[in-house]
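These notes are about the structure you will find just below.
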Amino acid sequence: MRASRYFVPTLREVPAEAELTSHRLLLRAGFIRKESAGVYVYLPLGWRVIRKIEQIVREETDRIGGIELFMPALVPQELLDETGRSGLDILFKLRDRHQRPFTLGFTHEEIITDIVRNFVSSYRQMPLLLYQIQTKFRDEPRPRGGVIRAREFIMYDAYSFDTDHEALERVYQALRRAYFRMFERMGLPTIIVDAEAGAIGGGSNEEYMIVADGGEDKVLQCDSCGYGANAERCELPDPALTPPVVDAIPPMEQVATPNARTVEEVTAFLNTTADRLVKTLLMRVDGAPVAALVRGDRELNPYKLMHALDGESVEMMDAETIEQITKAPVGFAGPVGLPADLPILADHELRGLQDFITGANAEDAHLVHVCWGRDFTEPRWADLRVAQAGDRCARCADGILREVRGIEVGHIFQLGTKYSEAMGAQFTDGEGNLHPIIMGCYGLGVSRCLAAIVEVHHDKDGIRFPISVAPFEVVLILVNSEDEAQRAVAERLYEQFSQAGFEVFYDDRDERSGVKFKDADLIGIPIQVVVGRGVQEGQVEVRLRADKTPEQVPIEEAMARVGELRQSLYHALRPSEG
RNA sequence: CGGGGCGUGGCGCAGUAUGGCUAGCGCGCCUGCUUUGGGUGCAGGAGGUCCCCGGUUCGAGUCCGGGCGCCCCGACCA
């Protein structure tokens, strides 16, 4: 491709809207352009990268027997009604001329299940692994970081259909390995972590994370066994604390704490520390009220509460109900004197704590010297609090968790029968009995990968693309476009490289060399061939974007040398397993 | 949804407090000359509903009211 006839709108100055490195570079290098909040144009260079990512994902899925199809972006709302997802607040909704409601596809479990329930009815038709690469629409509350979190984005989504859980486990593991291969080929170093399923639901699921400061997710990782989990999921071990002896503890007493509601206010007023305090959070799990207790300096993980009760949804209780149940304004709830039928769960860390302070269920009052077992029924113990850096690992004896930021680039789920049961997708087994199909789903953010790649591979001058996903493999820079000798050599090399099947971007523009060098570095094409004054001695310069150490090469050997470099760059990105 | 910030040629910004003539600057763009190994220099030029609507005023980019859009932090998140 000749730069003089291509479309690369690079910018010298960074648009004020961009904060994140990858966002700034993608805008400056002319890869993307914002159309609206979270809505982007992929300009020619950006689109080439997207297509390379797609191709890698295709190859790796096809390799394990995946079959590509393409589903509509317009999803009839009644399909989502079947699974109860039509009310999600992130849906873009619209109506056709007959007022029939539609949703723009935010993920495609319902569509694929609809297809499968109509065409798959026998165990002989499975296993089946279908996938697509398509635009997804989600009306995110807060789009962020360019294409990191967009409202319209490109996603790969695969769906597996099997007759039993062993087969699901097999295909899940196959995808799990295929994902690692995909990310390695893109030059993305990922870690895999346990995760929450969110609105997808189903059974076990894992996320692929790129460790990067710009990441949105908090990830905890064990320094010893490597166990990793999204902070919203991360298990903590039961510290198995021995309860203190209650005999010597003074009787429970109510003290006035005027206007002291928050942990900070109460501890300041009573001149104590937050770890002497027990927070009582009133929640609803599947709509049913429940009280959750965590130490004053800890944070409740609502998902853990939900899982402890085998629930499917969790929310904070509204203020009105709280006041009804505690007979006090919000901020003074405590476990003592709550209705007998209200379940109370406590974080197992609290087992080692007696003689604590807690809300009195009365306005402007707290209780001190409170003991469970003595002053209220012993609660049910569970892992309820949010994990944080420094906590012990739940999976090994002596590991300590550390915290990193991560960009979620993939998420794989064992769905089980959640969708097949809701939508009546059944098959007949060898004995003629009907069963719900066992499903899995597997998502990968294609456009988010573009941002993640830049987030990982850049320096002060611009992007440094791994060759596998670079918009072009080689940039050919004609230093002085007025110099006939240089131009002749560059034209000849361009011709040869193109003939030989290299993806070459030939900067033949009538610009000063500085402009071309700056642009080449910004755009990040991995191999640079500079045709400059060296042509007088019959030489051109070959160098890598990554280190820019120049190498003088005779013109007639340039292509062979570039070929070697190209091969070694691809070689470095070959997948290590599977 | 809560908090903060912003909206002026393609990009980055000044001007707004204290209303006043043809709305400025840098980059980019066009023309000519110049320069040609890291965003050259000089000269000339084009390009603007000052986010929108309404109001106050002799006069509004600037003041008042309402709305819209965008960014960041948090909540949320597939």
Side-chain angles (χ1 to χ4, degrees), chain A residues 9-20 23-24 27-28 30 33-39 80 83 85 88-91 105-110 136-146 148-151 153 155-157 195-202 205-207 214-218 230-233 299 302-303 314-316 407-413 415 441-445 448 460-462 477-487 507 509-522 528 530-536 539-541 543 548 550 552:
Chain A
T10 57
L11 302 172
R12 269 198 205 192
E13 287 174 284
V14 194
E17 70 196 39
E19 192 96 346
L20 217 62
H23 189 196
R24 297 163 75 100
L27 287 170
R28 272 196 65 207
R33 153 90 199 202
K34 185 182 73 185
E35 212 39 63
S36 176
V39 179
L80 297 180
T83 56
R85 295 207 293 181
L88 293 178
D89 68 342
I90 47 128
L91 302 179
F106 70 112
T107 175
H108 282 82
E109 281 79 12
E110 283 84 357
K136 296 282 189 278
F137 300 86
R138 300 179 184 177
D139 195 359
E140 294 286 349
R142 185 150 96 83
R144 188 186 158 268
I148 290 266
R149 177 168 297 273
R151 297 194 297 170
F153 60 99
M155 181 167 153
Y156 155 98
D157 45 324
E196 278 299 332
I200 297 284
N205 67 94
E206 296 172 287
E207 288 171 334
E216 301 182 279
D217 292 281
K218 262 194 234 169
N230 196 310
E232 66 189 21
R233 174 78 191 191
E299 207 179 326
Y303 297 111
V314 61
E315 61 191 331
M316 301 229 348
I407 301 170
E408 177 196 345
V409 286
H411 199 163
I412 58 178
F413 301 78
L415 292 173
C441 73
Y442 316 86
L444 185 149
R448 183 179 283 179
K460 65 171 173 44
D461 296 319
I477 300 171
L478 168 59
V479 171
N480 184 350
S481 57
E482 310 268 292
D483 184 308
E484 287 310 318
Q486 288 182 22
R487 181 172 281 277
D507 198 343
R509 291 177 300 171
D510 185 20
E511 291 282 353
R512 284 178 56 88
S513 57
V515 174
K516 299 190 197 182
F517 288 131
K518 290 287 185 192
D519 274 348
D521 288 350
L522 181 61
Q528 304 182 339
V530 182
V531 180
R533 55 191 169 215
V535 298
Q536 290 160 23
Q539 296 200 311
V540 294
E541 192 174 296
R543 61 193 189 186
K548 292 206 238 140
Q552 301 300 328

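Letters A, B, ... mirror the listed sequences (proteins, then strands); counts begin at 1.
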Residues in side-chain hydrogen bond (donor to acceptor under 3.5 Å, both in side chains) contact with [X], at least two apart in sequence or another chain:
X        : result
A:Ser36  : none
A:Asp519 : A:Thr10, A:Arg509
A:Glu299 : none

Starting at the 5' end of RNA chain B and moving along, which residue's nearest nucleotide shows up first, A:Arg33 or A:Glu19?
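Going by which nucleotide is closer to the 5' end, it is A:Arg33.
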
Quick one: on RNA chain B, does A:Ala16 or A:Glu299 contact a more 5' nucleotide (nearest heavy atom)?
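By nearest-heavy-atom nucleotide position, the 5'-most residue is A:Ala16.
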
Shorter than 3.5 Å, N or O on both sides, protein versus nucleotides 23-27 of chain B: list them out with atom names.
unit_1 : atom_1 : unit_2  : atom_2 : d
B:G26  : N2     : A:Glu13 : OE1    : 2.6
B:C27  : O3'    : A:Arg12 : NH1    : 3.4

Distance in angstrom units between [X] [atom1] and [N] [atom2], rounded:
X        : N     : atom1 : atom2 : answer
A:Glu408 : B:C77 : CD    : C1'   : 9 Å
A:Leu11  : B:G28 : CG    : C1'   : 9 Å
A:Arg509 : B:G39 : CZ    : P     : 14 Å
A:Leu27  : B:G10 : CG    : P     : 17 Å
A:Ile148 : B:C76 : CD1   : C1'   : 18 Å
A:Arg142 : B:C71 : CZ    : C1'   : 9 Å
A:Lys460 : B:G39 : NZ    : P     : 12 Å
A:Arg138 : B:C76 : CZ    : P     : 18 Å

Sub-3.5 Å donor-acceptor pair from the side chain of [X] to the main-chain atoms of [Y], do we have one?
X        : Y        : result
A:Glu207 : A:Glu408 : no
A:Arg149 : A:Arg144 : no
A:Arg24  : A:Val14  : no

Base of B:C77 paired with side chain of A:Arg149 (donor-acceptor, under 3.5 Å):
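Checked by distance alone, the answer is yes.
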
When the [atom1] atoms of [M] and [N] are compared, how many Å lie between them, rounded to an integer?
N     : M     : atom1 : value
B:C25 : B:C68 : C1'   : 29 Å
B:G37 : B:G32 : C1'   : 26 Å
B:C50 : B:U40 : P     : 34 Å
B:G38 : B:A75 : C1'   : 47 Å
B:A60 : B:C53 : P     : 14 Å
B:U18 : B:G65 : P     : 15 Å
B:G54 : B:C13 : C1'   : 30 Å
B:G4  : B:G61 : P     : 29 Å

Report which part of the nucleic acid [X] touches: base, sugar-phosphate, or nothing (heavy-atom distance under 4.0 Å, all strands).
X        : result
A:Pro15  : sugar-phosphate
A:Ala197 : sugar-phosphate
A:Arg28  : base
A:Gly410 : nothing
A:Tyr303 : sugar-phosphate

Decide yes or no for A:Asp461 and A:Lys548: does some side-chain heavy atom of the first lie under 4.5 Å from some side-chain heavy atom of the second?
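Counting from C-beta outward, A:Asp461 and A:Lys548 do come under 4.5 Å.
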
Applying the side-chain hydrogen bond (donor to acceptor under 3.5 Å, both in side chains) criterion to A:Asn205, which one of A:Arg233, A:Glu196, A:His411 satisfies it?
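One option only clears the test, and that one is A:His411.
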
Testing A:Met155, A:Arg138, A:Lys136 one by one against A:Phe106 for a side-chain contact (heavy atoms from CB on, under 4.5 Å), which residue passes?
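Among A:Met155, A:Arg138, A:Lys136, the one meeting side-chain contact (heavy atoms from CB on, under 4.5 Å) with A:Phe106 is A:Arg138.
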
Which heavy atom of A:Gly38 sits nearest a heavy atom of A:Ala150, and at what distance?
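Taking every non-hydrogen atom into account, O-CB, 3.3 Å.
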
Locate the shortest heavy-atom distance separating A:Leu20 from A:Gly145; write the atom from each residue and the value.
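Closest approach of A:Leu20 to A:Gly145: CD2-CA, 4.1 Å.
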
Basic-acidic side-chain contact under 4.0 Å: A:Arg533, A:Asp483
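So A:Arg533 does not pair with A:Asp483 through a salt bridge.
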
So that I can tick it off, tell me whether A:Glu140 and A:Arg151 are bridged by a salt bridge, with the cut-off set at under 4.0 angstrom between side-chain N and carboxylate O.
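No, no charged N to carboxylate O under 4.0 Å.
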
Under a 3.5 Å cut-off for both distances, is [N] Watson-Crick or wobble paired, and to whom?
N     : answer
B:C63 : B:G55
B:C68 : B:G7
B:C13 : B:G24
B:G37 : none
B:G74 : B:C1
B:A43 : B:U31

How would nucleotides 30-38 of chain B be written as a contact map, 5' to 3', with B for base contact, S for sugar-phosphate-only contact and - for no contact, using protein heavy atoms under 4.0 Å?
-----BBBB

Give me the distances for all protein-to-nucleotides 67-70 of chain B N/O pairs that come in under 3.5 Å?
unit_1 : atom_1 : unit_2  : atom_2 : d
B:C70  : OP1    : A:Ser36 : OG     : 3.0
B:C70  : OP1    : A:Ala37 : N      : 2.9
B:C70  : O3'    : A:Lys34 : NZ     : 3.1
B:C70  : O2'    : A:Lys34 : NZ     : 3.3

